[in-house]
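See below for the structure under consideration.
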Number of protein chains: 2
Amino acid sequence: MAQTSKKPPRTPASAARRRAPLDRLLDPELFRALGDPTRLLLLACLCKCARECTVSEVGGCCDVDLSVVSRHLATLERAGAVRSRREGRTVFYAASFDHLTTSLRSLADALDDCARCRTPGCNC
Amino acid sequence: MAQTSKKPPRTPASAARRRAPLDRLLDPELFRALGDPTRLLLLACLCKCARECTVSEVGGCCDVDLSVVSRHLATLERAGAVRSRREGRTVFYAASFDHLTTSLRSLADALDDCARCRTPGCNC
DNA sequence: GCAATACTTGCACGATGGCACAAACGAGCA
DNA sequence: TGCTCGTTTGTGCCATCGTGCAAGTATTGC
């Protein structure tokens with residue numbers, strides 16, 4: 001796609017950090033996992049809960065079958081949104097705050113770069 | 001349930017932004033729109049393109065029917081990821097950098113608050 | 001061993017989503 | 001007016017998704 005160079009490329013202070021390319025940060029799996037209302041409800045529950053929660057506990061926040069909760073949590077874990085820890089017969093889930101915030105901010109940074117960069121042919 | 005009296009200290013950067021509750025920021029529509037590989041391809045194309053692009057131009061970046069591109073762009077616009085402008089019979093699309101980065105960073109901030117807040121029952 | 005608990009997996013079903021193709025729409029132009 | 005071009009909408013097909021129910025697995029307690 002043709003690109004013009006109307007504005008000269010600006011160099012923000014944050015550009016000192018090394019950036020990942022935009023394509024790598026636009027991860028369909030993470031967004032897909034966050035694209036379901038029930039899953040978001042479960043994630044929000046885990047976020048607000050000030051501790052690790054069992055599958056049954058998380059399931060208490062929405063009115064779906066426990067098997068559905070189990071599957072949704074597995075999906076969220078595959079996407080890196082939550083992490084799990086097994087202890088005997090119970091599984092504890094917790095929000096992966098670090099991974100989530102890092103992913104979101106890295107993407108925001110990459111988008112900022114793209115918005116500022118006016119170099120023709122630059123892949124950001 | 002809602003405890004708003006005591007909040008943990010925030011970093012200066014995050015404190016500068018006004019906070020919305022986590023639930024409001026976990027928008028299924030935006031994430032759902034970003035959850036499809038083809039749509040992400042179109043969005044990435046728009047991001048890297050240093051100008052507004054027509055539907056046909058954006059469609060050039062992936063191998064799907066133009067009608068599909070049109071629908072995908074409409075979906076992205078409904079989610080606030082892109083914006084459009086009609087000029088005669090052509091429609092120009094551009095990435096909504098501001099909206100995207102604001103959404104992502106606000107969510108990251110809210111998640112940070114949640115992660116720091118260890119008050120049981122707090123709704124962050 | 002046996003039962004209870006905590007969770008996962010198999011399965012069926014309806015809903016939704018992505019896609020291509022064709023047709024329609026609407027603006028510009030001869 | 002009729003034509004072309006850029007885009008949208010209608011339609012049908014097929015794959016995937018979300019869900020509940022039932023059965024299975026694994027661990028704990030009696």
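Just so it is clear, the structure is predicted and the values come from calculations on it, not from any experiment. Quick note: numbers below take in every heavy atom, side chains included, and nothing from hydrogens, waters or symmetry partners. Convention: sequence-line order gives letters A, B, ...; per-chain numbering from 1.
Chain A approaches DNA chain C within less than 4.0 angstrom (heavy atoms of the protein), and the contacting nucleotides run 5' to 3' from C:dA4 to C:dC11.
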Quiz: residues 90-98 of chain A side-chain donor-acceptor pairs under 3.5 angstrom, not counting sequence neighbours:
unit_1	atom_1	unit_2	atom_2	d
A:Thr90	OG1	A:Glu87	O	3.2
A:Ser96	OG	A:Arg83	N	3.4

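In this structure B:Ser84 satisfies the side-chain hydrogen bond (donor to acceptor under 3.5 Å, both in side chains) test together with B:Glu77, sequence neighbours excluded. Contacts of A:Cys62 classified as side-chain contact (heavy atoms from CB on, under 4.5 Å), with partners at least two apart in sequence or in another chain: A:Thr38, A:Leu41, A:Leu42, A:Val64. Applying the side-chain hydrogen bond (donor to acceptor under 3.5 Å, both in side chains) rule to A:Glu29 yields no partners; only residues at least two apart in sequence or on another chain are considered. Every residue two or more places apart in sequence or in another chain that forms a side-chain contact (heavy atoms from CB on, under 4.5 Å) with A:Cys53 is listed here: A:Leu46, A:Cys49, A:Arg51, A:Glu57, A:Val58. Take B:Arg24 and apply the side-chain contact (heavy atoms from CB on, under 4.5 Å) test, not counting sequence neighbours, and it matches B:Ala20, B:Pro21. By the side-chain contact (heavy atoms from CB on, under 4.5 Å) test, B:Leu104 is found to be paired with A:Leu104, A:Leu107, A:Ala108, A:Leu111, residues two or more places apart in sequence or in another chain being considered.
Within the structure, every pair that satisfies the side-chain hydrogen bond (donor to acceptor under 3.5 Å, both in side chains) test and touches residues 66-76 of chain B, not counting sequence neighbours, is listed here: B:Arg39-B:His72, B:Asp65-B:Ser67, B:Thr75-B:Arg78.
Toward the 5' end of DNA chain D, the nearer of the two residues A:Glu87 and A:Asp36, judged by each one's closest nucleotide, is A:Asp36.
A pairwise comparison of heavy atoms in A:Ala110 and A:Leu25 identifies CB-CD1, 3.5 Å as the closest pair.
Under 4.0 angstrom from either OP1 or OP2 of D:dT19 there lies at least one side-chain N or O belonging to A:His72.
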Short N/O separations, protein against nucleotides 13-16 of chain D, under 3.5 angstrom:
none

For nucleotides 5-12 of chain D, list the nitrogen or oxygen atoms of the protein found under 3.5 Å from its nitrogen or oxygen atoms, one pair per line.
unit_1	atom_1	unit_2	atom_2	d
D:dC5	O2	B:Arg89	NH1	3.1
D:dT7	OP1	B:Val55	N	3.1
D:dT7	OP1	B:Val91	N	3.4
D:dT7	OP1	B:Val91	O	3.4
D:dT7	OP2	B:Ser56	N	2.9
D:dT7	OP2	B:Ser56	OG	2.1
D:dT8	OP2	B:Ser70	OG	2.4
D:dT8	O5'	B:Ser70	OG	3.3
D:dG10	O6	B:Arg71	NH2	2.4

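A salt bridge links B:Asp23 and A:Lys48; the closest N-O separation between the charged side-chain nitrogens and carboxylate oxygens is under 4.0 Å.
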